[in-house]
Amino acid sequence: MAINFEKPYIELIITTQQGREFTLINQDYGGDIVSYNFNKSVDAPYGSFSFQMPDKRGLASEYIDFRKTVRAMSLVEVKINGTYRTIGIIQGVRKTVEISGGKPIRLWNFNCVELGILFNTTRIWYDISTTALHIFQAGSPQLKYLNTQRINPNTITDKSIQNIVEQVFKQWFYEVYDQIGFIFADGSKLSEKIIVDRQYFAPDIFIKEILTLFHAYNYQGDVWGALQNFITRPFHEMWGTAGGKTVVLGDNDSAILEEGKYYLILRATPYDNNKIMQSSNLKNSVFNFENLNEISISDDVITSKDLGVSGEQMFSFYSLTYGGNNLPQNYKRMLVPPIYDLGALKRYGYVPFERQIKALSFTHSPELTAQNKGLNQQITEIMQKRIFEWFKFNDRFLTGSFTVKGNPLINEGMRLRYDYDLSGKIEDENELGEYYIQGFNESWVYGQSYTTQIQVIRGIPDNQKWQENWETFDAIESGQSPGISESEAQEQGLF
């Protein structure tokens, strides 16, 4: 049976490059828009959205060539049922013609991206010989030269993750764009629209000591890639998101994001591992999963779901090696022995997780790196164990998607509660529980339903037997040890 979903009220507020502002609404309310789609996820600098409208507007059959009036880089803001959804720029406007029943159907197609696209299209590299940071804005078909900003990482005295990200962005991004006089269609500066500020970062990013393993020099690539180097995955999350909502940064700590602006968010990854790792001493988040903003759904609003377990990110071997261009001669690159997971070896065979950690040296001194060898070894061992703890249960969580009645209050990075419907019945009690919303895709087509597909990970059913089976299974396979040593693996003939 088809579900009669409420017709959304869609508003698109466009500011052209000439500064002209106008609003488009969907045909259900006498407007022009016939379709809309928005795709968004955590760990990405921006999402993408699109909309369509016929080539003649309203009853007057007014023809407007939008390729001339709404050019690329025009600002566009989206509201759904009065809820602020996002802000971005129009990348392109195209006209398509399809023949149906011998009659042409002509549509304007607007392809848009959120403002975070500038994180990706701005490319940088640091020249240590001249202490100059070169910045280019990617264009087509060639890169367009923006400016050269002389900056030295030695000037960054506070090496916490939050301060480094903030200072690098302000010195290597805002200043360069200000120097060339870059402004958006509404006349605002980059720093007025894209907000990178410590108040929108978690107050205490755990495992921040890993910065002593980060190599800051000789980076080449886009700004987003540079920022990614400052965080430790999978323990940190960093993504771009529009205002008009509240984002939880940690226990008793949240930030209110203003409409009309786009923010960089940095926090510890709040996956709820502790429900199935009660005996673990290595906590994987600095704030409680229960403190995240929550959205609840039930079978009353679900049209489809696809949930399962997967061994896609299961590893049986964990090894971190120490790298970088400034290592002293004869410096041992493997500071700690790898971890072997006996249970995973039996189930999946030899599947290695190997990562090279580059050395951080703001003085670029091999001697200092040698002096810190003991500390680096300790940090590497801690991180290697944390990575093991993080991935060891990946094949026990439910992962997949729910497609529900369209809801503009659903956002990436929230906690999803799958609960009973009003009748107290549910299809499968082993799916009832909590999930982490990694992303979503909302879509609407004129004459059809408005839906939101929610991508979820780390699903933990409430069913106690489900969790007991996990613990029993793991105890049988792996014993009480979090892993086995290299010598034990050799003795058992595992490689």
Side-chain angles (χ1 to χ4, degrees), residues 9-26 31-33 36 38 40 45-53 57 64-94 108-122 135 137-140 144 146-147 169-170 173-197 199-200 223-224 239-245 247 255-265 408 411:
Y9 183 68
I10 301 174
E11 298 174 86
L12 300 176
I13 302 97
I14 297 174
T15 305
T16 68
Q17 286 190 331
Q18 293 76 29
R20 178 192 173 195
E21 181 180 305
F22 60 94
T23 300
L24 301 174
I25 62 175
N26 49 315
D32 303 290
I33 304 169
Y36 158 80
F38 181 28
K40 181 71 174 171
Y46 64 93
S48 59
F49 57 102
S50 62
F51 58 96
Q52 288 183 316
M53 53 188 295
R57 300 190 65 196
I64 297 177
D65 191 337
F66 283 100
R67 289 168 295 197
K68 296 180 180 178
T69 58
V70 183
R71 298 186 178 183
M73 291 300 290
S74 294
L75 271 175
V76 57
E77 297 176 80
V78 181
K79 292 183 179 180
I80 308 290
N81 296 338
T83 298
Y84 195 88
R85 208 65 181 114
T86 191
I87 181 171
I89 55 177
I90 296 176
Q91 277 196 313
V93 183
R94 306 180 66 87
W108 291 112
N109 296 269
F110 299 80
N111 296 317
C112 313
V113 290
E114 293 184 302
L115 291 186
I117 185 69
L118 292 179
F119 295 155
N120 270 137
T121 57
T122 305
I135 300 186
Q137 169 66 32
S140 179
K144 181 173 65 175
L146 286 184
N147 210 321
F169 203 90
K170 288 181 177 179
F173 200 72
Y174 286 153
E175 290 185 13
V176 171
Y177 274 91
D178 283 346
Q179 287 176 15
I180 64 169
F182 177 90
I183 59 173
F184 288 104
D186 64 353
S188 59
K189 293 182 177 181
L190 188 80
S191 56
E192 297 170 343
K193 277 279 188 283
I194 299 181
I195 309 300
V196 179
D197 193 286
Q199 66 177 304
Y200 304 106
V223 169
W224 183 253
W239 79 97
T241 194
K245 56 180 174 281
V247 173
I256 299 175
L257 312 185
E258 296 181 34
E259 295 182 6
K261 298 181 179 181
Y262 197 80
Y263 296 80
L264 181 69
I265 304 298
N411 286 294

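Hydrogens, waters and symmetry mates play no part in the numbers below; they use all other heavy atoms, side chains included. Throughout, numbering of the chain's residues begins at 1 and tracks the sequence.
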Holding to side-chain hydrogen bond (donor to acceptor under 3.5 Å, both in side chains), I want the full list of residues that pass it with T241, two or more places apart in sequence or in another chain. K245, E412
Over all heavy atoms of both residues, which pair between Y9 and I25 is shortest? Give the atoms and the distance, please. OH-CG2, 3.7 Å
Test item: F51 and D32 side chains (from C-beta on) under 4.5 Å apart, heavy atoms: no
Could you go through F119 and L264, starting from their C-alpha distance and side-chain angles, then the distance that decides it, and tell me whether this counts as side-chain contact (heavy atoms from CB on, under 4.5 Å)? CA-CA 10 Å; F119 295 155; L264 181 69; 4.1 Å; yes
Value for OG1 (T16) from CD (E21), rounded to nearest 0.5 Å, stands at 9.5 Å
Are V78 and Y36 close enough that some pair of their side-chain heavy atoms sits under 4.5 Å apart? yes
Rounded to the nearest 0.5 Å, what separates atom NZ in K40 from atom OH in Y46? 10.5 Å
In sequence, state the C-alpha distance, the side-chain angles, and the governing distance for Q199 and Y263, and then conclude on side-chain contact (heavy atoms from CB on, under 4.5 Å). CA-CA 11 Å; Q199 66 177 304; Y263 296 80; over 6 Å; no
Can you tell me how far the CD atom of Q52 sits from the CZ atom of F110, to the nearest 0.5 Å? 10.0 Å
Which pair of non-hydrogen atoms, one from R85 and one from P408, has the smallest distance, and what is that distance? NH1-O, 3.0 Å
Heavy-atom closest contact (Q17 atom, S74 atom, distance): N-OG, 3.6 Å
So how far is it from M53 CE to I33 CD1, rounded to the nearest 0.5 Å? 7.0 Å
Where the side chain of Q91 meets the backbone of N111, is there a donor-acceptor pair that is under 3.5 Å apart? no
Ignoring hydrogens and angles, tell me if any N or O in the side chain of Y200 forms a donor-acceptor pair with the backbone of V247 under 3.5 Å. no
Please check if any side-chain donor atom of T83 sits under 3.5 Å from a side-chain acceptor atom of N81, or the reverse. no
Can you find a pair of side-chain heavy atoms, one from L75 and one from I89, that are under 4.5 Å apart? yes
Qualifying residue for side chain to side chain donor-acceptor pair (under 3.5 Å) with Y84, from E77, E259, E258: E77
May I ask you to decide if I87's main-chain N or O and Y262's side chain share a donor-acceptor pair within less than 3.5 Å? no
To the nearest 0.5 Å, how far apart are CG in L115 and NZ in K193? 8.0 Å
Could you report the tightest heavy-atom contact between G240 and W224, atom names first, then the distance? N-CH2, 4.5 Å
Roughly how far, to the nearest 0.5 Å, is CD1 of I117 from SG of C112? 12.0 Å
Could you check Y174 against K189 for side-chain contact (heavy atoms from CB on, under 4.5 Å), going step by step and ending with a plain yes or no? CA-CA 9 Å; Y174 286 153; K189 293 182 177 181; over 6 Å; no
Does the N26 side chain pair with the main chain of I10, one donor and one acceptor, at a distance under 3.5 Å? yes
Does any part of the side chain of F184, heavy atoms only, come nearer than 4.5 Å to the side chain of E192, both counted from C-beta? no
Any non-hydrogen side-chain atom of F49 less than 4.5 Å from a side-chain atom of V76? yes
Least distance between heavy atoms, T86 atom then A242 atom: CA-CB, 3.5 Å
Without hydrogens or angle criteria, can the side chains of E11 and T23 be said to hold a donor-acceptor pair below 3.5 Å? no
